[in-house]
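Please read the structure below before turning to the comments.
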Amino acid sequence: MSRGSVENTPLYKRIYAVVRQIPAGHVATYGQIARIVGRCTARLVGYAMAALPSDTDVPWHRVINHQGKISPRSTGDCGIRQREQLEAEGIRFNHQARTDLRAVGWQGPDRRWLRRHGPGVAAPPQE
DNA sequence: CGGCTGACTCTGG
DNA sequence: TCCAGAGCCAGCC
């Protein structure tokens with residue numbers, strides 16, 4: 001079923017599309033994803049992650065909270081698995097279980113990717 | 001159509 | 001730097 005445009009795609013779907021752009025060895029925060037998606041809050045991103053199936057191709061493990069830590073979930077020990085997944089990609093955790101967002105933080109999707117999606121997806125904050 | 005669920009971020013002290 | 005409180009939307013049954 002071709003949704004055609006991104007604007008016709010459900011918000012969750014758009015969030016997954018952005019998360020899929022995160023390259024291995026890098027991580028992004030929920031707030032950052034929300035900002036890129038546009039018209040979306042950090043919580044919605046977290047909720048969208050929780051709604052992901054176990055066999056998803058979305059690299060949900062590369063999405064962490066603003067503290068640079070893996071967000072605690074209600075059920076399952078997937079959090080531990082998430083950390084191992086990140087470590088396998090070269091992400092290092094300190095004794096505080098925190099990652100260095102300055103080093104492994106995602107810079108955002110390619111400008112062309114944003115263009116390809118057209119309206120509906122806001123550009124990342126430019127400092 | 002109403003209600004429940006869920007993986008966050010920001011600001012102040 | 002750490003802790004606490006408030007704000008908040010979309011999907012699904």
Side-chain angles (χ1 to χ4, degrees):
Chain A
M1 333 179 306
S2 349
R3 299 295 176 210
S5 305
V6 182
E7 51 263 31
N8 287 339
T9 308
L11 178 61
Y12 278 29
K13 206 75 173 181
R14 289 167 57 195
I15 294 174
Y16 301 148
V18 174
V19 174
R20 246 179 249 154
Q21 307 310 311
I22 307 176
H26 289 265
V27 294
T29 65
Y30 296 94
Q32 185 176 7
I33 300 298
R35 195 154 25 224
I36 295 170
V37 172
R39 299 297 187 179
C40 176
T41 60
R43 264 212 201 172
L44 268 300
V45 177
Y47 296 160
M49 295 295 104
L52 277 171
S54 54
D55 61 344
T56 181
D57 58 332
V58 177
W60 54 270
H61 57 272
R62 291 176 194 150
V63 184
I64 59 178
N65 61 26
H66 196 267
Q67 298 179 335
K69 299 196 294 195
I70 295 173
S71 179
R73 74 205 68 47
S74 319
T75 175
D77 53 329
C78 300
I80 307 300
R81 213 184 111 196
Q82 180 174 4
R83 172 168 174 163
E84 294 187 2
Q85 277 275 38
L86 292 175
E87 287 180 327
E89 294 183 354
I91 306 297
R92 298 308 180 97
F93 290 82
N94 60 15
H95 65 290
Q96 292 179 337
R98 271 206 290 203
T99 62
D100 190 352
L101 291 176
R102 296 168 303 175
V104 300
W106 185 34
Q107 300 298 317
D110 254 63
R111 179 67 59 185
R112 201 173 82 79
W113 185 89
L114 290 171
R115 185 64 62 87
R116 198 174 74 203
H117 277 243
V121 180
Q126 304 194 354
E127 321 255 334

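So you know, we letter chains A, B, ... as the sequences are listed, proteins then strands, and number each from 1.
Whole-Å rounding puts the A:Leu101 CG to B:dT9 P distance at 10 Å. Straight-line distance from the CZ atom of A:Arg14 to the C1' atom of C:dC9: 13 Å, rounded to whole Å. Note: NZ (A:Lys69) to P (C:dT1) measures 12 Å, nearest angstrom. A:Tyr30 places its OH atom 6 Å from the P atom of B:dC8, with the value rounded to the nearest Å. Counting to the nearest Å, the P atom of B:dG6 and the CG atom of A:Leu44 are 15 Å from each other. Here the P atom of nucleotide B:dG6 and the CD1 atom of A:Ile15 are 17 Å apart, to the nearest Å. Atom OH of A:Tyr47 is separated from atom C1' of C:dC8 by 7 Å (rounded to the nearest Å). Rounded to whole Å, atom C1' of B:dA7 lies 13 Å from atom CD1 of A:Ile22.
Shown here are the salt bridge (Lys or Arg N to Asp or Glu O under 4.0 Å) partners of A:Arg102, two or more places apart in sequence or in another chain: A:Asp100. Under the salt bridge (Lys or Arg N to Asp or Glu O under 4.0 Å) criterion, A:Arg43 pairs with no residue at all, not counting sequence neighbours. Partners of A:Asp57 according to the salt bridge (Lys or Arg N to Asp or Glu O under 4.0 Å) rule, which considers only residues two or more places apart in sequence or in another chain, are A:Arg20. With sequence neighbours left out, A:Pro53 forms a side chain to side chain contact (heavy atoms under 4.5 Å, CB included) with A:Asp55, A:Thr56. Shown here are the side chain to side chain contact (heavy atoms under 4.5 Å, CB included) partners of A:Ala50, two or more places apart in sequence or in another chain: there are none. Under the side chain to side chain contact (heavy atoms under 4.5 Å, CB included) criterion, A:Ala17 pairs with A:Trp113, A:His117, sequence neighbours left out. Listed by chain and number, the residues in a salt bridge (Lys or Arg N to Asp or Glu O under 4.0 Å) with A:Glu84 amount to none (sequence neighbours excluded).
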Could you go through nucleotides 3-6 of chain C and list every protein N or O atom that sits under 3.5 Å from one of its N or O atoms, giving the distance for each pair?
none

Please enumerate all protein N or O atoms sitting under 3.5 Å from an N or O of nucleotides 11-13 of chain C, with distances to 0.1 Å.
{"unit_1": "C:dG11", "atom_1": "OP1", "unit_2": "A:Leu11", "atom_2": "N", "d": "3.3"}

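The only option from A:Ile33, A:Val63, A:Val19 that meets the side chain to side chain contact (heavy atoms under 4.5 Å, CB included) definition with A:Trp106 turns out to be A:Ile33.
One distance of note links OG1 of A:Thr99 with CD1 of A:Ile70; it measures 8.0 Å at 0.5 Å rounding. Distance check, rounded to the nearest 0.5 Å: OH of A:Tyr30 to CG of A:Leu44 gives 13.0 Å. If you take OG1 on A:Thr41 and OH on A:Tyr47, they are separated by 7.5 Å, rounding to the nearest 0.5 Å.
In this structure, A:Ala51 reaches neither bases nor backbone, as no heavy-atom distance under 4.0 Å exists between it and the strands shown.
Proximity of A:Phe93 to A:Lys69: side-chain heavy atoms (C-beta onward) are nowhere separated by under 4.5 Å. With contacts defined as side-chain heavy-atom distances shorter than 4.5 Å, the pair A:Arg62/A:Ile91 does not qualify. In this structure the side chain of A:Val45 never reaches within 4.5 angstrom of the side chain of A:Val18, judged on heavy atoms. Using a 4.5 Å heavy-atom cutoff, the side chains of A:Met49 and A:Ile15 are in contact.
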Exercise for the section: Under 3.5 Å for both distances, Watson-Crick or G-U wobble, that's the pair rule; now give the dot-bracket for DNA chain C, with | marking pairs to another strand and [ ] for crossing ones. Expected result: .||||||.|||||
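Taking side-chain N and O atoms only, A:Thr41 has no distance below 4.0 Å to OP1 or OP2 of B:dC8.
If you check residues 88-97 of chain A against DNA chain B, you find no residue with a heavy atom closer than 4.0 Å. Taking a 4.0 Å limit (strictly below) on heavy-atom distances, residues 56-67 of chain A does not reach DNA chain C anywhere.
A donor-acceptor pair is defined here as one N or O able to donate and one able to accept, closer than 3.5 Å; no such pair exists between the side chain of A:Asp110 and the backbone of A:Arg112.
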